[in-house]
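Input: a single structure, listed below in structure tokens.
Only heavy atoms go into these numbers, but all of them, side chains included; no hydrogens, no water, no symmetry mates. This is a predicted model, so every value here is computed, not measured. Ligands are counted one by one from 1 in listed order, and the atoms in each one are counted from 1 as well.
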Amino acid sequence: MIKLDNSYLNLPDDFYEKIQPEAVESPSLIAFNFSLAEEIGLNIDSYSQEDLAEIFSGNKIIENSQPLALVYAAYQFGHPVAQLGDGRAHLLGQSNGFDIQLKGSGRTSFSRNGDGKSALGPVLREYIVSEAMNRLGVPTTRALCAVKTGEEVYRQDGPEPGGVFTRVAESHIRVGSFQYFAFREEFESLELLLDFTIDRHYPSLRSLPLHEKAIEILKAITVKQSDLIAKWSSFGFVHGVMNTDNFSMAGITIDYGPCAFLEEFQFNKVFSSIDQRGRYSFFNQSPMAKWNILRLADCLLNFIDEDQEKAIARVEQEIIPMFAMFEEKRFKAFASKLGLTDYSEADNELVMDFLNYLEENSMDFSLGFYHLKDLFVGDFKNYKKTKSLEDFVIKWKQRTPDLESSKEINPLYIPRNHLVQKAIDGVYAGDHSFFHQLNEVLSSPFIEQEAKEEFSRPAQGTEVVEKTFCGT
Ligand code: AMP
Ligand code: MG
């Protein structure tokens, strides 16, 4: 029997709407992550596949579960939005402290003009990519279940099969959750949210006075997010929509809408069709994370000091200097990929030389790093042999790289866009085999697998995915 609690219910009812998922016609299970269920202590032994499809489509509500939709606000592409919220998601509760949330499970009072539903494509995409991220070692929400609803939803290209995704997360608290109450100047609720967040993610701050909690949580989030962005960067991950509603207080990757992995390397690569100015381009992810943390700081100023100027001065003195971590950790991550275990700032030049080489020669980001072991022994077959590469190799070897150390950082298999698309196309055509095969290959990203060349090969010709969509 599944048993869930729900700590959000301890918060006042202006934090959420209690609302049941909408029933769907004929749910069927496409994927269920049994090992994750075990990890988070979900006891599903007594359920059949049909039961699981019923539960994780929202048709059948587990006893004692009180589903709810959380409210939040955001800065979207730099502009404040006073109220958003789970417009197509229902939080069922928690198991071992992990939130379990259905996505695509129907309308709530935060749906605005949306239908509250999800097409199956984005469900499968999030399933594949979030589990791949976990296997790469990136903090992320996880995929518990993907269900086909048996209903159609209408999207820009016409009708598509509907789906419900079950997301597992350390929490669903976002910077946007703080902004909701800060925009409304509801400081009591804001303080409750701060304490709730500290209880769940930063318990060591519990006993501090309010003004210290506020400053310390900014420090803690700076540490977590700089670790996260360094990981994203080291795997060529472009999130695509780092608005503050998609910026987690737990420091995990959340919301796999228009995300994509780099193939041909470009510092300023953008995939998302709505990111027209490149705000969330690959290399702009660090500056944007800092910007988001400052938006959180805005919310907390009143707590830091009653005198606004003094509060701002504290942020300037104590938080902004910490932001250097973002660049430092990102360079360090790239240096580790080059096998440099004893990183120092002097290595930044070497890192930039290699990245510039990748960009100038339109090289595949992941394979460019993966094949460094060949380059080390003088084998250039996977590279365009240029003067700048030869110069790099000389300098690099002088630093005596240890490529054993970088094995677990330079994956051979990443969820390339065209592979994810092929998996979705397969399921749409009634064939689930490629979807499952892809998940299997991505579960061991660092080890070469037999007869799996297709999964490491970059997209060619018409396979190349130039633009991604939120898919909502
Ligand atoms: P996202 O772009 O997925 O982060 O979503 C931004 C906002 O739009 C959130 O408040 C979502 O709940 C809402 N939203 C996205 N898709 C839908 C949909 N199909 N129906 C209702 N609300 C949606
Ligand atoms: Mg979102």
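- Distances between N or O atoms of Phe110 and those of ligand 1 include no value under 3.5 Å.
- Summary: OD2 is the N/O/S atom of Asp255 found nearest to the Mg ion (ligand 2).
- When each atom of ligand 1 is checked for a heavy atom of Tyr72 under 4.0 Å away, the hits are 9 (C), 10 (O).
- For ligand 1, the polar-atom distance check finds an N/O of Asp115 within less than 3.5 Å of one of the ligand's N/O atoms.
- Heavy-atom contacts of Arg112 reach the following atoms of ligand 1: 7 (C), 8 (O), 13 (C) (cutoff under 4.0 Å).
- For ligand 1, the atoms closer than 4.0 angstrom to any heavy atom of Gly85 are 9 (C), 10 (O), 11 (C), 12 (O).
- Aromatic ring centroids of Trp291 and Tyr75 lie under 6.0 Å apart.
- If you look at Tyr180 and Phe178, their ring centroids are not closer than 6.0 Å.
- In this structure, the ring of Phe271 has its center no less than 6.0 angstrom from the ring center of Phe469.
- Contact atoms of ligand 1 toward Asn246: 4 (O) (distance under 4.0 Å to a heavy atom of the residue).
- Here the closest heavy-atom approach between residue Phe183 and residue Ala82 is recorded as CD1-CA, 3.9 Å.
- For ligand 1 and Gly116, the ligand atoms under 4.0 Å from any heavy atom of the residue are 18 (C), 19 (N), 20 (N), 21 (C).
- Using a 4.0 Å cut-off to heavy atoms of Leu84, the atoms of ligand 1 that qualify are 10 (O).
- Distances from the Mg ion (ligand 2) show that Asn243 has no N/O/S atom below 2.8 Å.
- Below 30°, between 30° and 60°, or above 60°: for Phe165 and Tyr127 the angle between ring planes is above 60°, a perpendicular geometry.
- The backbone N or O of Asp195 sits nowhere less than 3.5 Å from a side-chain atom of Arg206 that would complete a donor-acceptor pair.
- The aromatic rings of Phe15 and Phe181 sit tilted, their planes meeting at an angle between 30° and 60°.
- Note that the CZ atom of Phe261 and the CZ atom of Phe235 stand 8.5 Å from one another [nearest 0.5 Å].
- Some N or O of Lys117 is nearer than 3.5 Å to an N or O of ligand 1, by distance alone.
- Each of the following atoms of ligand 1 lies closer than 4.0 Å to a heavy atom of Arg155: 19 (N).
- Not a single heavy atom of Gln83 sits less than 4.0 Å from an atom of ligand 1.
- Between Phe265 and Phe267, the ring planes are perpendicular. Angles over 60° get that label, and only those under 30° would be called parallel.
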